Amino acid sequence: RKYVCMPLLLAQDHDSDLFNLTEGRVAVFSHEIVPDYLRTKPLPEVEEKEEELNKLANTSLTQEAIQKQITHLNKLCNSSINSISNLKLETDSDIHSRNFQSTSSPADTNTLLAAVSFGKGLKPQPRSALTPGGAPHPMLSPGFSQGPSGHPPPQLMRY
């Protein structure tokens, strides 16, 4: 079907019926936009540029050259698809041929995370001031003021 569109009423005011009919594309049907919306031919500059591009496209390649390029591109695509398929098959067969054993277990991971984060499952070490030989340990004695090298102990910094 062909419909004829003729501007019966040109106005500078917002037309809500026109806005609704055009699904929000045109709100005002004025002298300014009528030529753009009712144009059936492109602008002369655009038409000339299109003709130039069509001439260039038609003269630069023959049908034989186009067919040759299409054949070459199809060969490249097919060889790429074959290479990818073969690589996928090799990878799948390698994975199935090796019996991969899990190197971790979720239970062990959760236990380790609980121990590191919350100290869960850790046994406290008894704090004694005695070394295995019976002598008081120098770092745990109340009067300790110097480290084993004779220097004061380093201060711990908290961030």
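Everything numeric in this text was worked out from a predicted model, so none of it was measured. Every heavy atom of this structure was used, including side-chain atoms; hydrogens, water molecules and symmetry mates were not.
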ask   = At what distance, to the nearest 0.5 angstrom, does CD of Glu48 lie from CG of Leu43?
value = 10.5 Å
request  = Find the distance between CD (Gln67) and CD1 (Ile70) and round it off to the nearest 0.5 Å.
outcome  = 5.0 Å
inquiry  = Nearest 0.5 angstrom please: Asp15 CG to Ser30 OG, how far?
reply    = 11.5 Å
request  = Scan side-chain atoms only and decide if Ser105 and Asp108 contain a donor-acceptor pair under the 3.5 Å cut-off.
outcome  = yes
inquiry  = Checking the side chain of Ser93 only, and the main-chain atoms of Glu90 only, is there a donor and an acceptor separated by less than 3.5 Å?
reply    = yes
task = Quick one: pull up SG in Cys77 and CG in Asn82 and give me the separation to the nearest 0.5 Å.
result = 11.0 Å
remark   = Closest heavy-atom pair, Val28 versus Leu18, reported as atoms and distance to 0.1 Å, is C-CD2, 4.1 Å
task = Find the distance between CD1 (Ile84) and CG (Leu87) and round it off to the nearest 0.5 Å.
result = 8.5 Å
query = Quick one: CG on Asn74 to CD1 on Ile81, what's the gap to the nearest 0.5 Å?
reply = 9.5 Å
task = Could you tell me whether His72 atom NE2 has more than 12 heavy atoms of other residues or ligands within 6.0 Å of it?
result = no
